[in-house]
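Scroll down for the structure; my scribbles are underneath it.
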Amino acid sequence: SVVDIDDKQITLRASGAPGETIIDGMGTHRTVSFWNIGTPATIIDGFTITNSPRSGIWCYHASPTITNCIIIANSHDGLGASGGGIDCTNESSPAIINCTVMENSAGDGRGGGIACGMNSSGADTTITGCTISGNYAYWTDTSPSTSGGGGIYCWNGGATITDCIITGNIAANGGG
């Protein structure tokens with residue numbers, strides 16, 4: 001990952017506007033990873049996160065606060081690949097606040113923009129005041145059994161979505 005926040009409670013805040021401060025995966029790296037962080041006190045604020053082939057932001061057993069970010073033009077391709085923009089899995093419950101999630105894609109048909117899942121404890125992602133648009137979930141296998149959610153896809157857990165604009169998302173099967 002370009003930025004790997006492993007078990008750290010820190011605030012990473014951009015010095016300028018999100019369009020001025022860019023974390024770029026250069027088409028070869030995951031841009032931001034949160035691993036084993038059980039607190040919303042870990043914050044990423046005000047960045048453009050782009051050009052990752054393995055999810056723009058990946059939360060694994062992590063619950064950071066992601067605020068005022070633009071997550072754009074990321075992908076996650078292949079079987080089991082979900083959450084092109086943001087992938088929240090394995091007991092993750094991040095707070096995503098005032099972000100724009102757009103033009104991302106996922107290649108297993110789950111959550112082109114945001115994917116939330118594998119939360120047996122009932123952990124929920126919170127999405128507030130965000131714009132989620134122009135994301136795409138497609139299927140790379142010949143028999144898609146579970147797919148959908150061009151903008152947001154949740155399974156085995158969920159999301160609380162408040163005051164968001166969700167528009168223009170496309171899924172190969174199961175709704176945009």
Side-chain angles (χ1 to χ4, degrees), residues 1-77 81-106 111-119 121 123-135 151-154 157-166:
S1 295
V2 175
V3 176
D4 190 359
I5 302 173
D6 181 14
D7 195 25
K8 297 174 188 83
Q9 294 182 17
I10 65 170
T11 297
L12 186 60
R13 183 169 288 123
S15 60
E20 299 170 354
T21 311
I22 300 168
I23 302 173
D24 189 336
M26 298 177 286
T28 57
H29 303 291
R30 179 176 280 138
T31 46
V32 179
S33 297
F34 294 98
W35 177 274
N36 291 328
I37 302 167
T39 174
T42 299
I43 301 167
I44 187 164
D45 182 2
F47 291 90
T48 292
I49 297 164
T50 191
N51 203 15
S52 172
R54 296 191 57 220
S55 300
I57 297 175
W58 181 58
C59 299
Y60 184 89
H61 203 273
S63 302
T65 300
I66 303 162
T67 186
N68 303 313
C69 290
I70 299 170
I71 298 101
I72 185 170
N74 299 285
S75 64
H76 198 181
D77 297 328
S82 58
I86 302 173
D87 187 5
C88 313
T89 61
N90 291 70
E91 309 305 326
S92 293
S93 56
I96 305 167
I97 304 165
N98 297 328
C99 291
T100 298
V101 181
M102 61 188 287
E103 299 172 15
N104 301 286
S105 64
I114 301 171
C116 314
M118 298 183 352
N119 293 327
S121 67
D124 283 343
T125 297
T126 303
I127 306 169
T128 307
C130 295
T131 299
I132 300 159
S133 66
N135 299 289
I152 301 171
Y153 184 87
C154 298
T160 301
I161 303 167
T162 308
D163 296 326
C164 292
I165 297 169
I166 303 170

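Values reported hereafter were calculated over all heavy atoms of this structure, with side chains retained and with hydrogens, waters and symmetry mates removed. Positions are given from 1 along the sequence. These figures come from a predicted structure and were not determined experimentally.
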Mutual orientation of the aromatic rings belonging to Tyr60 and Trp35 [parallel < 30°, tilted 30-60°, perpendicular > 60°]
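Because their plane-to-plane angle is under 30°, the rings of Tyr60 and Trp35 count as parallel.
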Looking at Arg30, I want to see if its CZ is surrounded by more than 12 non-hydrogen atoms of other residues, nucleotides or ligands under 6.0 Å.
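Atom CZ in Arg30 is packed in, count exceeds 12.
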Does CD1 belonging to Ile165 count more than 12 external heavy atoms closer than 6.0 Å?
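At most 12 heavy atoms, drawn from other residues, nucleotides or ligands, come within 6.0 Å of this atom.
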With distance as the sole test, does Asp24 use its side chain to make a donor-acceptor pair with the main-chain N or O of Ile22 at under 3.5 Å?
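No; zero donor-acceptor contacts below 3.5 Å.
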Is it true that a side-chain atom of Thr31 and a backbone atom of Ile23 form a donor plus acceptor pair closer than 3.5 Å?
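No; judged by distance alone, with no hydrogens or angles, the pair does not exist.
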Test of understanding: with side chain to side chain donor-acceptor pair (under 3.5 Å), list the residues that count as partners of Thr48, not counting sequence neighbours.
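Thr48: no side chain to side chain donor-acceptor pair (under 3.5 Å) contacts found.
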Nearest atoms (heavy-atom pairs only) where Ile57 meets Ile71:
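Nearest heavy atoms, Ile57 then Ile71: CD1-CG1, 4.1 Å.
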Provide the closest heavy-atom pair for Arg13 versus Asp45 in the form atom of the first, atom of the second, distance.
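It is NE-OD2, 3.0 Å.
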Ser105, Ser52, Ser82, Ser55 screened by side-chain hydrogen bond (donor to acceptor under 3.5 Å, both in side chains) with His76, the one that passes
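Of the listed residues Ser105, Ser52, Ser82, Ser55, the side-chain hydrogen bond (donor to acceptor under 3.5 Å, both in side chains) partner of His76 is Ser55.
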Does any part of the side chain of Ile72, heavy atoms only, come nearer than 4.5 Å to the side chain of Thr100, both counted from C-beta?
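Thr100 vs Ile72: side chains apart.
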Within a strict 4.5 Å, meaning less than it, do heavy atoms of the Thr125 and Ile96 side chains meet?
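Result yes, sub-4.5 Å side-chain heavy-atom pair found.
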What pairs with Ala41 under side-chain contact (heavy atoms from CB on, under 4.5 Å), at least two apart in sequence or on another chain?
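Once residues adjacent in sequence are excluded, the partners of Ala41 under the side-chain contact (heavy atoms from CB on, under 4.5 Å) criterion are Gln9, Thr39.
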